[in-house]
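Ligands are counted one by one from 1 in listed order, and the atoms in each one are counted from 1 as well. Any value given below was found using the heavy atoms of this structure, including those in side chains, with hydrogens, waters and symmetry copies removed.
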Amino acid sequence: MQKLVEEIQKLKKERNAVIVAHNYQLPEVQDIADFRGDSLELSRMAAKSHAKVIVFCGVYFMAETASILSPDKTVIMPDTAAGCPLANMITAEDLRELKSRHPKAVSVGYVNTSAEVKAELDYCCTSSNAVKVISSLKDAEEIIFIPDKYLADYASKKTGRRLISWDGYCPTHVKILPEDIIRSIRLHPKAKVIAHPECASEVASLADEVLSTGKTCEFVKKSEAKEFIIATEVGLVYRLHKDNPDKKFYPASELAVCPNMKRTNLEKILWALEEMKNEVRVSDEIRKKAKKSIDAMMSIG
Ligand code: SF4
């Protein structure tokens, strides 16, 4: 493996590339990355870097988001078949149809959407700022929120706003069941329970904190607690262990593994850099419209 790592590092320099890896990637992929984080955080960090090439180790919509924010850079993916089933649950056509049924509604969409869907949105949001974005829409008569029904439910409870949601969900997060949390608490009674807002509402309601992956990393670092039950994709536990060696982490369910996130490995990173293949580029027309929804979110702060 060391030889592979060295070859990637050498080629990365030659290509003037930056490697970014989502918190759910395999440990060896996280280890070779220049930046680790959640999807928007990675795209923003890559955009700020001086690199000409972004190697995006994540899923397709994330590489598209990087392309939207960095049109002058070449974005490549080690494996373009790594999609996000949640993002694929709504198309631009679906959203246009939903908007036509609610012509007065402001449309808000989770970053887990295709570039074409983002191009139809008024506001993009992440799992960490969804509540803030909804709270800011005080004058909106109606609010559409797509595609994750559990994030919509969480944001609706937090803001007291009724949201017109879509029947989308993350197939990995719904594998975490309320009984997994109850069993984990029984085994680790002192541990704090942190759930991702993509978890089913019954799971989120059992958690001490409902946080995005980025906010989970921040929370754990500052917390006085020494043990944590982590209800999200298991890959995050690797990063938490690494950043907090004196604390203990227990995945709420070993079944919460996103097969798409695990498609990327070191060999595929090397091949992508060697051949400069698997470029992800969003057309100018879609990029400009999609960026407006991201800028609208940023303007909320
Ligand atoms: Fe999509 Fe869920 Fe996998 Fe994240 S964990 S990439 S939301 S399927």
Nearest to atom 8 (S) of ligand 1, what protein heavy atom do you find, and at what distance? P85 CD, 3.3 Å

Residue pair T126 / N129, side-chain donor-acceptor N/O under 3.5 Å: yes

If the cut-off is 4.0 Å to any non-hydrogen atom of C84, which atoms of ligand 1 fall inside it? 1 (Fe), 6 (S), 7 (S)

Between CZ of R36 and CZ of R239, what distance do you get to the nearest 0.5 Å? 6.5 Å

Check whether the side chains of Y250 and E227 place a donor and an acceptor atom closer than 3.5 Å, and report yes or no. yes

Look at C258 and state whether any of its N, O or S atoms is less than 2.8 Å from atom 3 (Fe) of ligand 1. yes

Is it true that Y154 and D148 share a donor-acceptor pair across their side chains at a distance under 3.5 Å? no

Does a side chain donor of either H173 or T232 reach within less than 3.5 Å of an acceptor in the other side chain? yes

Tell me which protein heavy atom sits closest to atom 2 (Fe) of ligand 1, plus the residue, atom name and distance to 0.1 Å. C170 SG, 2.3 Å

Pull out every atom of ligand 1 sitting under 4.0 Å from any heavy atom of N112, numbered as shown with elements. 7 (S)

Among all protein heavy atoms, pick the one closest to atom 4 (Fe) of ligand 1 and tell me residue, atom and distance. Y24 CE1, 4.1 Å

